[in-house]
Asker: 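Next up is a structure, given as structure tokens.
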Amino acid sequence: MRRQLVALGGASLLFGVSAFAVQAQSITPGELPDPPVFEAQGTPTFVGISDIFEYKALPEYHEPEWVTTNFVDKGLLPPVGERLPAEPMVFKASNAVDGIGVYGDVMRHVIGGRPEGWNYIGGQSQGWGGIDIGMMECLTRTGPLFEVKAEELAPLPNLAKSWEWSEDGHELTMHLIEGAKWSDGDPFDTEDIMFYWEDNVLDPNVSPTNGATPETFGEGTTLEALDEYTIKWTFKDVRPEQYLYQMAYGTFCPGPSHILKTKHPKYNPDITYDEYKNGWPAEFMNWPVLGAWVPVEYRADDIIVLRRNPYYWKVDENGNQLPYLNEMHYRLSTWADRDVQAVAGTGDFSNLEQAESYVEALKRSADANAPARLAFGARTIGYALEFNYSANGWGEPDERAQAVRELNRNLDFRKAVTSAVNRQALGESLIRGPFTAIYPGGLYAGTTFYDKASTVYYPFNLEGANATLDTLGLVDTDGNGVRNFPADTAGGQDIEITLLANADYGTDGNLAEGIVAMMEPLGLRIILNLQQDVNIGDLSQSGKFDWWVRRQGAEIVSVVQNTVALAPTGPRVHASHRAGTDGTLDLLPFEQEMVDTVNAFVGTNDPAERVELMKKYQKLFTENVYAVGLTQYPGALIINKRFANIPLGAPIFMFNWAEDNIIRERVYVPADKQQNYELHPNTLPGAPGSEGPISG
Ligand code: GLA
């Protein structure tokens with residue numbers, strides 16, 4: 001089939017048809033089909049921010065009885081009132097669907113990732129699936145915004161309990177929660193904030209997990225500590241409220257400076273940055289956190305167990321210290337197994353997100369006696385094929401890889417690639433039915449800023465794609481079925497392109513295999529580079545890929561979360577275009593326009609202007625095939641029926657993942673439904689680095 005098409009291309013040249021004529025009949029935008037109707041189940045009850053929580057002192061505080069008897073009464077812990085800030089965060093009972101909870105039980109997660117170690121801000125991942133979300137707290141919080149009414153939509157206070165802008169709008173002063181402590185009792189204050197900022201984000205030798213860089217908060221932005229509990233940001237823009245979103249998970253969640261400083265090269269000249277990053281491996285127990293649960297047990301390829309943080313700084317309206325759940329489990333298995341176990345009731349939670357398992361999961365949850373409830377949300381899971389755009393050295397490409405990057409930077413080439421992708425077939429290869437929708441790239445259909453009229457779609461058109469590559473002079477010179485680079489490029493060798501994809505997810509692999517197959521009749525040889533998540537992080541951050549099938553980030557869904565990552569707005573902010581060896585970006589003209597558009601969006605708070613800017617962004621993105629959109633589909637939240645306080649209509653992914661959205665510190669299991677799942681009942685975390693939990 002492909003050979004025929006190449007022959008056709010060759011023939012047309014033979015007969016002297018001008019390149020223009022060939023191109024004119026090749027690739028043109030087409031009608032974008034509307035996504036099939038798919039009703040999301042459950043809509044959120046929309047509220048104002050102050051309906052959810054406030055900060056205030058309560059007349060009395062409570063904790064699980066065993067904490068009092070085994071720890072406080074024995075003098076091992078100060079009384080709960082002394083462990084809490086003067087004004088803790090108080091969740092309002094009226095906002096919790098099942099109200100005030102009771103203590104006990106476990107949420108049993110299953111994850112496909114593996115922990116590298118605990119130094120998140122130094123660049124280590126913990127295996128995802130909500131471990132890090134449960135351990136870390138950030139200046140602001142965005143997950144629960146799915147239920148905040150549009151007029152009030154703004155990041156929630158969290159570690160920063162309030163803030164105000166200077167009159168000229170360039171300065172933002174934030175007041176931190178006062179008297180909160182890390183889980184080992186060490187005070188949380190601006191030292192932790194400044195250590196995060198100065199010695200991790202600003203230090204070019206450190207790459208915090210989740211990618212915070214100085215530009216994440218705007219070029220030229222500075223941060224200083226005014227006193228123990230006050231920080232001041234200074235921005236170039238006027239009132240860039242947008243950056244409050246970046247101060248949430250995962251780009252402004254400080255780590256325990258009292259531990260981390262002991263191995264940071266700035267304070268320890270004999271220690272290397274590698275030693276700093278890897279200084280606290282997964283075996284290091286009782287890592288101090290500000291979040292609700294502390295890691296107390298780790299068994300490789302088996303489980304991570306976390307116990308309640310006795311210093312957690314959030315309470316319910318009756319003064320009960322949170323969390324309600326005493327323990328968290330993370331079974332170290334596979335992501336597919338997370339779905340299977342949640343549906344079967346041997347696990348408690350899953351973001352059903354790999355479309356291949358939907359049919360089975362749906363069938364099994366339909367039974368009235370099924371242990372878990374399953375609720376679909378909107379189409380917020382999506383994938384794109386991304387091109388490495390850096391032609392000035394990022395990732396140190398060899399001659400072949402450099403030649404591929406030059407192709408990636410060519411619009412006709414990208415148009416050919418996108419036109420060779422049969423999205424309908426690709427979506428159906430994952431699952432049939434109304435789930436998957438054709439995704440042309442850019443913002444997802446159905447999200448707030450999406451505008452169909454600004455979306456350019458190049459439908460499946462293999463013939464046009466082949467003709468276009470012919471006109472680019474990319475022909476199969478040696479008749480082996482693979483097009484060659486022109487004679488003067490990379491030795492005229494076969495065009496081979498490596499495709500990076502995440503081996504931890506079946507969907508990523510299936511989509512990538514689909515791309516390999518669909519590029520064959522286009523005469524491109526795609527070499528699949530399936531890698532585990534831990535390696536994906538390193539390979540992608542260091543630019544070692546030609547193409548990459550990537551699940552899209554929150555910026556594509558909400559636009560306001562992680563906005564700066566929508567374009568290469570800084571040397572290290574974009575997934576597939578970063579600065580080369582000289583520290584600069586080689587932006588294409590349309591990329592510069594995208595960058596300007598995104599910066600203008602960040603720089604204005606005018607809703608109407610923002611809508612227009614995102615239309616422009618969408619047009620630039622899709623017209624130029626910035627990435628090849630593949631498919632978008634809905635995910636479902638699966639939670640065991642014994643849990644209470646799961647908010648209505650919680651999406652698995654919007655501003656953040658469901659593990660943040662459902663406010664797990666407030667989730668509980670009613671007394672009559674509690675199970676004996678605790679592996680370390682009546683224990684609390686021990687001292688940092690000590691072996692495990694302690695019983696008092
Ligand atoms: C992984 C999973 C998601 C979610 C996140 C949370 O990426 O695939 O479903 O659990 O971790 O960080």
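First listed ligand is number 1; within each ligand, the first listed atom is number 1. Side chains included, hydrogens not; waters and symmetry mates left out as well; all remaining heavy atoms used.
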Asker: Using a heavy-atom cut-off of under 4.0 Å, does the side chain or the backbone of Arg338 touch ligand 1, or both, or neither?
Answerer: side chain

Asker: Please say whether Tyr249 places an N or O atom under 3.5 Å from an N or O atom belonging to ligand 1.
Answerer: no

Asker: By number and element, which atoms of ligand 1 are closer than 4.0 Å to a non-hydrogen atom of Glu353?
Answerer: 2 (C), 3 (C), 8 (O), 9 (O)

Asker: Hey, what's the ring geometry for Phe376 with Phe435, parallel, tilted or perpendicular (30° and 60° as the breaks)?
Answerer: tilted

Asker: Do the ring planes of Tyr324 and Tyr668 sit parallel (below 30°), tilted (30 to 60°) or perpendicular (above 60°)?
Answerer: perpendicular

Asker: What residue and atom, counting heavy atoms only, is the protein's closest point to atom 7 (O) of ligand 1, and at what distance?
Answerer: Arg551 NH2, 2.7 Å

Asker: How about Asp339 and Gln354: does a side-chain donor come under 3.5 Å of a side-chain acceptor?
Answerer: no

Asker: Using the six-membered ring wherever Trp is involved, compare the ring planes of Trp128 and Tyr120 and label them parallel, tilted or perpendicular (cut-offs 30° and 60°).
Answerer: perpendicular

Asker: In ligand 1, which numbered atoms sit nearer than 4.0 Å to a non-hydrogen atom of Asn351?
Answerer: 3 (C), 4 (C), 9 (O), 10 (O)

Asker: How are the rings of Phe252 and Trp197 set to each other: parallel, tilted or perpendicular (split at 30° and 60°)?
Answerer: parallel

Asker: N/O to N/O below 3.5 Å, does that happen between Glu659 and ligand 1?
Answerer: yes

Asker: Of the protein's non-hydrogen atoms, which lies at the shortest distance from atom 11 (O) of ligand 1, and what is that distance?
Answerer: Gly129 N, 2.9 Å

Asker: Under 30°, 30 to 60°, or over 60°: which ring-plane class applies to Phe621 and Tyr617, parallel, tilted or perpendicular?
Answerer: tilted

Asker: So which of Tyr505, Trp657, Trp335, Trp128 gets nearest to atom 8 (O) of ligand 1, if we judge by its closest heavy atom?
Answerer: Tyr505

